[in-house]
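A quick write-up on the structure given underneath.
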Amino acid sequence: MSRPNSQHGDMIETLIGQRLPKRDAPAKVTGQTIYGHDLVRPHMLYGKIVRSPYASARIVAIDTSRAEKLAGVRAVLTARDAPHRLFGYGADNLILKGTRVLHVGDEVAAIAASDPYTAQEAAQLVRVEYEPLPAVFDPDDALLPNAPLVHPARGSNLFRQQLYQHGDPDAAFQEADVIVKDEFELPYAANMPLEPCFCLAEFDANDELTLYSTTQVPYLLQRDLANALEMPASHIRILQTAIGGSFGRGLDMYPFEPIAVLLAQKTKCPVRLAFDRREEFLAAPIRQPIRVKMRSAAKRDGTLWARDAHAVLNIGAYASWGTVTTVVMAETVGSLYRVPHARFVADLVYTNSPVTGAMRGFGNPQSTFCVEVQMDRLADALGMDPLEFRLRNVNQPNTTTPQGLKITSCGLQECLEILGDIVDATLIPRKSSCFPQGNDYSFEVRKRDDLRPHSSSLIPPHLARGIGFASTMNVGGGARIYRSDGCGAIVKVDDFGRVTLITGASEIGQGADIVLAQITAETLGMTLDAVRVVNGDTALAPWDVGVHASRTTFIAGNAARLAALDARKQLLETAAEQFHVAPEELDARGGFIFRKNDPTARVPLEKIIRARHFRPFGEPVIGKGWYDPPNEMADEHLRGNLSASYSFAAHAVEVEVDTETGRVRVLRVGAAHDVGRALNPLLIEGQIEGGIHMGIGYALTEQLRVENGRVVNDSLREYGIPTTLDMPPIDIRLVETLDPEGPFGAKGVGELGVTPVAAAISNAIYDAVGVRITSLPITPEKVLRALRAKHGFQSL
Amino acid sequence: MLAPFAYFAPSSLAEASALLLANGPRARVLAGGTSLLVALERSQASADAVINLKRIPSLRDITYDSHAGLQIGALATLSELLRSAPIQKHYPVLIETMGFMATPQVQNLATIGGNLCQAAPAADLIVTLLALDATVRLYSSNGERSLSLDSFLPTWGGTILQPGEILTRIDIPLPRGKAHYDRFMIRSAADVPLANLAGVLEIENDLITHTRLVVGANGARPTRMLRAERALIGQRGDAACIEHAAELVVPDVYPPDDWRASREYRRALIATLTRRMLTRLVP
Amino acid sequence: MEQLSLALTVNGEAYQVTTRPYATLLDVLHDQLGLTGTHEGCRMGECGSCSVLLDGHAVNACLVLAPDVEGRAVTTVEGLAENGSLSALQAAFVQCGALQCGYCTSGMLISAAAFLKRVQETPTAAEVRRALVGNLCRCTGYAKIIDAILAVATKSPNEMNVASEFAARGHD
């Protein structure tokens, strides 16, 4: 592995492909980083929201008098203190509810007090009289003719139905040789970042608002706040604090944010509104639970022929950006593998259940589970090896799917082949990955059996092992779900050679800061140390639609690259004058500009900058870049090239099933990912490992139990994210297909670690014990019942 | 945030007991805090007064002698118990049990007394201590009394602690035979138990002379499987008698039926775990 | 509201704070002493983000009532650096990519520091995992956290146990 920025004479190695730690890591390991929950502002007050305990009720009366009288209480707000403009993706939400509450946790009143104890006490003193109304929780019930309406003015609980089709699925199923049918049940899941929701609203002396926020979409939040609060957007500044994880939670504006602003307006003090973990369970958005009825078909020769899926999504009481998950699901159903005929129908249904939003994968974990379990079923029915069947129908580079997805770079075939190697190989070389710079440890090739706790002959008879596969595809070059999918960047170079990248992109822990610095430094020809990344301030940085759809490396990376190219052009222009050559004869690397045909003749970049600046009619170096990818919004039929590039991956999972208890252990995961170009393998691995953690949780250990609209298991212990002891060894292989559009060939990665895991586990269980579990999470009871049924035993 | 309460840190049992009586039913005792603070934070309990027992001397001692067995002060933390040489040597089943409990951070705070008085239906230590025939020592202004752990825990859950009464010590007789503990969870640690049990088996001259089988997560409190135990006494401990004992357990357990797992499944699970436990206990 | 006065040592420095008996050590450290490196994740002792060393033992600061800290020594993440530079453990976390959002990192470091002090010989990956079972992470899947701790725990590179954990990574 090359060392970053070391200079051996003229040999300056590239930053691309280096395992570089994040820039913010030293501050984080010393506890210096200020997250939202750590932020203190002078004269800060503490906000607390009063929430409905009912899933559906009429508000009869609200008595805030006792709360108002409590010493230390500075404001008590109810609906009449808030604008009545509907906001949200569905234009169906209100900041504070005055007439009806539509889900457990709906916001009814808000307090600002001088300390958190007083705020908590005051919240308990607000007396709300409710008249419970009929509620509906199950989307099938919600679609019945006389179901109580969540939003009566809409006339129906069907928020939207989407219909996608290509080819002629009905005819295709008639002529297919093999058909499989399943009903899939995908559950609620919670984003569960370690830092709960937060915001802090503060007005300055000019009556301009700064909102400190953990949002993922600062510019959209700016706009949404302005709309909901009927205040000019130009007076709103969003400042992102260091974010303790997000995973999609911050993709929307939620009532607590404008509530904080209203409290700040009323009290003329900064107001902090931070959730604790219980409120996070109660009020943070969660993943849509979905029921899918699906069938897939193939021809006898192993050609995948058709898919037909009908999904019913329970979106909860208010519609968020999370409803766009159906676009992503349609992609999987219509475009994962070459499928000549496909139909996808999705019903997005309102119920009086908790509000759903965006969560890593955004519909793809659900749809990939269905598609990949059925791919396995088809292979089984055809008597084909599951890898071979997938390879036979694999997506190819430079093809356009019937849906309109323009696949350019595509390494799915390589990923599947690598998995085959991992599973079959007896020798697995290993290289260490984490020593301080300068150390590089290699190990002797080790036999694969060394990695198993026992060899096959020593496994007790009640344990069975199996291996399962699943592929995935995801947008890798942005996803145009909003009118602009762009990102702006400014590269400012100061007179001492310090480079500042000002980017609209957000850092939510995924490492945008270091990757963007790598791209900027590499493009500009500067050292990495010279580059700083500044982001998180809507008043300062150019626009960006936000962190989602694994877009940051691709889009913000390209924007940074364009801005750096602009700055580089300026530098080379001035250098050309100095060297008396044409700019094309010069190159810039490692902080120096030199002649291509005589690298020893070189000048430090900072000298060129000063030469350009300090002269008559001089100017400093400021580069600008804007990148809006060449993708398009999906039309109402869910067709269109949603992304500028697509990422692919395939996972193999080995499980061990205890046939007497049904318990499933994941022994190993092999993950092959087509990342276009591995700009920073250290970060990419981290994304994949984290994604697999979320995927294992979704598949086996996590369950958000909602009964009658109420989260029943509102603690981390009861919710069940995997602990250190639940994670298996993970073998990651990166495939570089060099995407033509991505910065240095890179594509997005963030979500693909999650999406195939559940299907791979379900398929592995089938390989081990011959039962298919089509509902998540795969609990021991489900497995044991299936085993008993399969072997003809009486039910438990 | 914890709702405000009055706080006391008595330096003697007499003082603590008097404070409990004076502050009424909404007074709570504070030991390790790992149950109380969580319950208060989740609003599953409320306290007007909190009486901290940790300033009272001599409630953390762990002593062992080869006649009386083990005596553990109620405020000994799980970590202290895990580090105790006599426990490691003579009562490895306690080490095994605590290995399943909570996390290292919580083990450094949680106390054995607090765990027993919390009396969670699936409390690991209670399951094992019942199998070891433990007794508890209670202090009140009327004097001290000892009773079996089994009597300390009424069938409807909770404890029989009277107002003003404080658990001070747990006594465990000399161990007999071999003992093991098992707990079944979906995750590998720090997870809600679906079933747990402790077993003791003593075999002399190839015959079972003493046995205990205690199942947790089984109604309001862990219970001994008396019918299974009786069926094991005098047997050889072969596969057939183990199978028979496991079958006898099933109708005698009343595990919860909820969204995590049905009663049917938990019963099947308990039977499997019983069989495995007994198989481990037979040499 | 009732107040009480507390004397405690944090990271080697003596502090006198006035607080409430129903405040927790987390509240004292984070809100009163401004040592915000100890993070609130759940207030219920389940996530480990608020882990600190209390007289050398790792505990959840959210489960320690303020009065119980009287006269005791607390170490927080801010006290882990050695003579103003990153400890070997902190440096390993940085180099190994053992953090992404970083919110759980303080707690991880504390639990790891307590563990490393306890172990007599080179630990296995499984032992490291068990020591950190009380620290939840949503970003990393723990893999590089375990890497980093093992990297520090080994006496010499040749004894590194990481290979027993997993197969090849990042072929190049």
Side-chain angles (χ1 to χ4, degrees), chain A residues 1 21 24-26 28-35 37-38 117 192-195 242-245 247 276-277 422 428-436 439 441 443 446 451 508-511 681-683 685-686 689-690 692-694 715-717 721 723-725 727 729-734, chain C residues 1 30 34-44 46-47 49 76-78 80-81 86 90-97 99-106 109 129-130 132-133 135-144 146-148 151 157 160 162-172:
Chain A
M1 264 301 193
D24 56 7
K28 286 177 173 173
V29 297
T30 51
Q32 292 172 49
T33 304
I34 300 295
Y35 296 86
H37 278 248
D38 304 328
Y117 294 103
M192 214 46 57
L194 269 294
E195 185 190 21
I243 297 172
F247 316 110
D276 61 15
R277 184 59 57 185
I422 292 179
I428 300 171
R430 148 149 229 291
K431 204 161 179 187
S432 81
S433 62
C434 65
F435 279 91
N439 295 324
Y441 297 94
F443 289 85
R446 297 170 67 94
L451 301 163
I508 59 168
Q510 84 282 44
L682 188 68
L683 295 193
E685 288 166 12
E689 287 154 1
I692 290 171
H693 173 269
M694 199 174 262
S715 83
L716 286 170
R717 179 170 173 261
I721 77 170
T723 67
T724 48
L725 287 171
M727 290 302 293
I730 298 171
D731 181 345
I732 296 173
R733 310 294 174 99
L734 301 180
Chain C
M1 297 193 207
H30 188 272
L35 290 164
T36 56
T38 302
H39 297 131
E40 173 188 322
C42 71
R43 301 190 75 88
M44 290 191 279
E46 293 176 350
C47 74
S49 293
T76 68
V77 65
E78 290 94 340
L80 291 180
L86 298 184
Q90 286 167 315
F93 265 57
V94 171
Q95 290 301 327
C96 292
L99 61 141
Q100 291 177 33
C101 84
Y103 201 77
C104 76
T105 302
S106 311
L109 287 166
R129 286 180 181 275
R130 183 154 285 282
L132 262 61
V133 84
N135 292 82
L136 297 177
C137 175
R138 197 49 158 166
C139 291
T140 66
Y142 311 106
K144 293 179 180 348
I146 309 301
D147 282 358
M160 240 251 316
V162 184
S164 67
E165 266 273 306
F166 50 79
R169 296 232 188 140
H171 261 200
D172 43 45

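Side-chain atoms are counted along with the backbone in the values below, which use heavy atoms only and exclude waters and symmetry mates. In the text below, chain A, chain B and the rest are named by the order of the sequence lines, each starting its count at 1.
In terms of heavy atoms, L194(A) sits closest to R138(C) at CD2-N, 3.7 Å. When all heavy atoms are compared, the tightest approach of K28(A) to Q100(C) is NZ-O, 3.4 Å. When all heavy atoms of G141(C) and H693(A) are compared, the pair lying nearest together is CA-CB, 3.6 Å. In this structure, Q95(C) and L682(A) approach most closely via the heavy-atom pair O-CD2, 3.7 Å. Here the closest non-hydrogen pair linking L725(A) and R129(C) is CD2-CB, 3.8 Å. The two residues V29(A) and L99(C) come nearest to each other via the heavy atoms CG1-CD2, 3.8 Å.
Side chains of C139(C) and F247(A) form a contact here, defined as non-hydrogen atoms less than 4.5 Å apart. Put simply, the side chain of E689(A) reaches to within 4.5 Å of the side chain of K144(C), judged on heavy atoms. At least one side-chain heavy atom of Q90(C) sits less than 4.5 Å from a side-chain heavy atom of T30(A).
For a residue to count as touching a neighbouring chain, one of its non-hydrogen atoms must lie under 4.5 Å from one of that chain's; by this rule I243(A) touches chain C with the backbone only. With a 4.5 Å cut-off on non-hydrogen atoms, L86(C) touches chain A through its side chain but not through its backbone. In this structure, chain C has a heavy atom under 4.5 Å from the side chain of I34(A), while its backbone stays farther away. The contact between T140(C) and chain A is made entirely by backbone atoms, counting heavy-atom distances below 4.5 Å. Contact annotation for E195(A): both backbone and side-chain heavy atoms come within less than 4.5 Å of a heavy atom of chain C. Only the side chain of Y142(C) comes within contact range of chain A, with at least one heavy atom under 4.5 Å from a heavy atom of that chain. Both the backbone and the side chain of L136(C) come within contact range of chain A, judged by heavy atoms closer than 4.5 Å.
Not one N or O on the side chain of Y103(C) forms a donor-acceptor pair closer than 3.5 Å with the backbone of P193(A). Remark: side-chain polar atoms of R277(A) are paired, donor with acceptor, to backbone N or O of G41(C) under 3.5 angstrom.
With chain A as partner, the option from C137(C), S106(C), C104(C) having the largest number of non-hydrogen pairs under 4.5 angstrom is C137(C). Among the candidates T33(A), L716(A), D276(A), D24(A), the residue making the largest number of heavy-atom pairs closer than 4.5 Å to chain C is L716(A). The greatest number of non-hydrogen atom pairs below 4.5 Å with chain A, out of S49(C), A91(C), C101(C), is found for C101(C). Among E40(C), H30(C), M44(C), the residue with the largest count of heavy-atom pairs under 4.5 Å with chain A is H30(C). Note: G102(C) leads A81(C), G34(C), G102(C) in heavy-atom pairs under 4.5 Å with chain A.
With values rounded to the nearest 0.5 angstrom, M192(A) atom CE is found 11.0 Å from C47(C) atom SG.
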